[in-house]
2 protein chains.
Amino acid sequence: MKVKIGELARMTGCQVVTIRYYEKEGLLKAPERTEGNYRLYGDDAIARLQFILHCRQHGMNLSEIRDLLTFSDNPTVSCDWINTLIKKHIMDVDRQINDLLHLKEHLKSLYDKCDGGKKSECGILKSLNSFENCTYCQKMKRKKSLPQ
Amino acid sequence: MKVKIGELARMTGCQVVTIRYYEKEGLLKAPERTEGNYRLYGDDAIARLQFILHCRQHGMNLSEIRDLLTFSDNPTVSCDWINTLIKKHIMDVDRQINDLLHLKEHLKSLYDKCDGGKKSECGILKSLNSFENCTYCQKMKRKKSLPQ
DNA sequence: ATAGGATCTATAGTCCCTATAGAGTCAAGG
DNA sequence: CCTTGACTCTATAGGGACTATAGATCCTAT
């Protein structure tokens, strides 16, 4: 059963423009067209888009997904590297979680330092003004996660 | 004591180009210049840049920081809203942490499903192909955090 | 026949930088 | 004094993953 782009969007929860974008980026193959030049997708295309969305949801970027799709289209080589890819992602997600946990602690310590008065009394502005007394920022600085 | 842009970059860990970018975006005031047209920064500018970096580190975007700076430059109004801003950030960070924890669980369940064989036996590719059996993705779908 | 909705292409904008090109400035060494 | 090399200047383009806009075309229902 063939569907047009709007229907595909509805089925997958992906925006129409994003589907066209994925096609332009070479993640989705150019589908067949109707006489009126409308894109027409079959089950394979639907599955492919769902695969892409699934990967995006797992934090992969478009070029990693392209690699997976290329591999998937070409089943003659070993798939060892996929485990490596997943492992890399787990470590990456772990790092992000740790950073965010630290950040949350610091934001919590900022909260309620503002007493709703005027600027000169606002504890939040004061805190944001000093890196030195901020263990969170010292830690981050060592990790070089400031803008590069 | 006045410093040139390179020195300011070294002092703050921020890149030279980024400093100029912040100026163009109106976060840093245009500094005085030497005879040779080099930017020359005083202590106030250094503090201001550190404030900006500190805020960036806390996940604020440039327009939020602009708001904070505008407020900070104009101390006649109440600062109640700053607590609200921080609260919003805490909730946002919380959401990100939760999403990432779920994602990590799912990635862990993917790991080692690939046995290094050929495509048809790769458990990871199989898993990535089905949304239906993926509780993580079902959950995320309800939360509408798929590409909008 | 026409109104509306869906689709088409092409292009520009978003955010927060990062990279590049080509020119000017300045201090030290030969 | 001249040159070398490090630093700085401006202006412009690129990147990633979309999102928004404009203007044209197609299709269906009234």
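Protein chains get the first letters and strands the later ones, always in sequence-line order, with residue 1 at the start of each. Heavy-atom basis, side chains included; hydrogens, waters and symmetry copies ignored.
- Side-chain N/O atoms of B/Y22 include none lying less than 4.0 angstrom from OP1 or OP2 on C/dC16.
- If you measure from atom CZ of A/R66 to atom C1' of D/dA17, you get 11 Å, rounded to the nearest angstrom.
- Rounding to the nearest 0.5 Å gives a distance of 4.5 Å between OG1 of A/T12 and CG of A/L49.
- The main-chain N or O of B/C14 is never found under 3.5 Å from a side-chain atom of B/T18 such that the two would form a donor-acceptor pair.
- A 4.5 Å side-chain heavy-atom check between B/L68 and B/F51 finds at least one atom pair inside the cut-off.
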Reading 5' to 3' through nucleotides 25-30 of chain D, protein heavy-atom contacts under 4.0 Å coded B for base, S for sugar-phosphate only, - for none: -BS---
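- Looking at the side chain of A/Q15, the nearest of the listed nucleotides D/dT19, C/dC16, D/dC18 is D/dT19.
- Neither B/M11 nor B/L40 shares a network with the other; the hydrophobic side chains, linked directly or stepwise wherever heavy atoms of I, L, V, M, F, W or Y lie under 4.5 Å apart, form separate groups for each.
- B/I52 and B/V17 are members of different hydrophobic clusters when ILVMFWY side chains are connected at heavy-atom separations under 4.5 Å.
- Put simply, OH on B/Y41 is 14 Å from C1' on D/dC7, counting in whole angstrom units.
- The shortest distance between side-chain heavy atoms of A/Y21 and A/L28 does not fall below 4.5 Å.
- One interatomic measurement links the two molecules: CD1 of B/I52 to P of C/dC17, which rounds to 10 Å at whole-angstrom precision.
- Tracing side-chain contacts under 4.5 Å through hydrophobic residues (I, L, V, M, F, W, Y), one never reaches B/I5 starting from B/Y38; they form parts of separate clusters.
- Each salt bridge (charged side-chain N to carboxylate O under 4.0 Å, His left out) pair with one or both residues in residues 9-23 of chain A, not counting sequence neighbours, appears once here: A/E7-A/R10, A/E23-A/R39.
- The shortest distance between the side-chain N/O atoms of A/R39 and the OP1/OP2 oxygens of C/dC8 is below 4.0 Å.
- The shortest distance between the side-chain N/O atoms of A/R20 and the OP1/OP2 oxygens of C/dC8 is below 4.0 Å.
- Computed from coordinates, the B/Y21 OH to D/dG15 P distance equals 17 Å when rounded to whole Å.
- At D/dG16, none of the side-chain N or O atoms of A/R56 fall inside 4.0 Å of OP1 or OP2 (strictly under the cut-off).
- Comparing the local axis fitted to the first five base pairs of the helix from C/dA1-D/dT30 to C/dG30-D/dC1 with the one fitted to its last five gives a bend of 30°, rounded to 10°.
- Rounded to a whole Å, the CG atom of B/L8 is 15 Å from the P atom of D/dC7.
- Across the protein-nucleic acid pair, A/E23 atom CD and C/dC8 atom P stand 9 Å apart, rounded to whole Å.
- Atom-to-atom, CD1 of B/I19 to P of C/dC16 comes out at 18 Å; the value is rounded to the nearest Å.
- Using a 4.0 Å heavy-atom distance criterion, B/R33 is classed as a sugar-phosphate-only contact.
- For B/I5, the listed nucleotide lying nearest its side chain is D/dT8; candidates were C/dC17, D/dT8, D/dA17.
- Between B/E64 and B/R56 there is no salt bridge, since no side-chain N of the basic residue sits under 4.0 Å from a carboxylate O of the acidic one.
- Here the nucleotide nearest the side chain of B/K24, chosen from D/dT19, D/dT12, C/dC16, is D/dT12.
- Side-chain atoms of A/R66 never come within 3.5 Å of backbone atoms of A/T70 as a donor-acceptor pair (strictly under, hydrogens ignored).
- Following rounding to the nearest Å, B/I65 (CD1) and C/dC16 (P) show an atom-to-atom distance of 8 Å.
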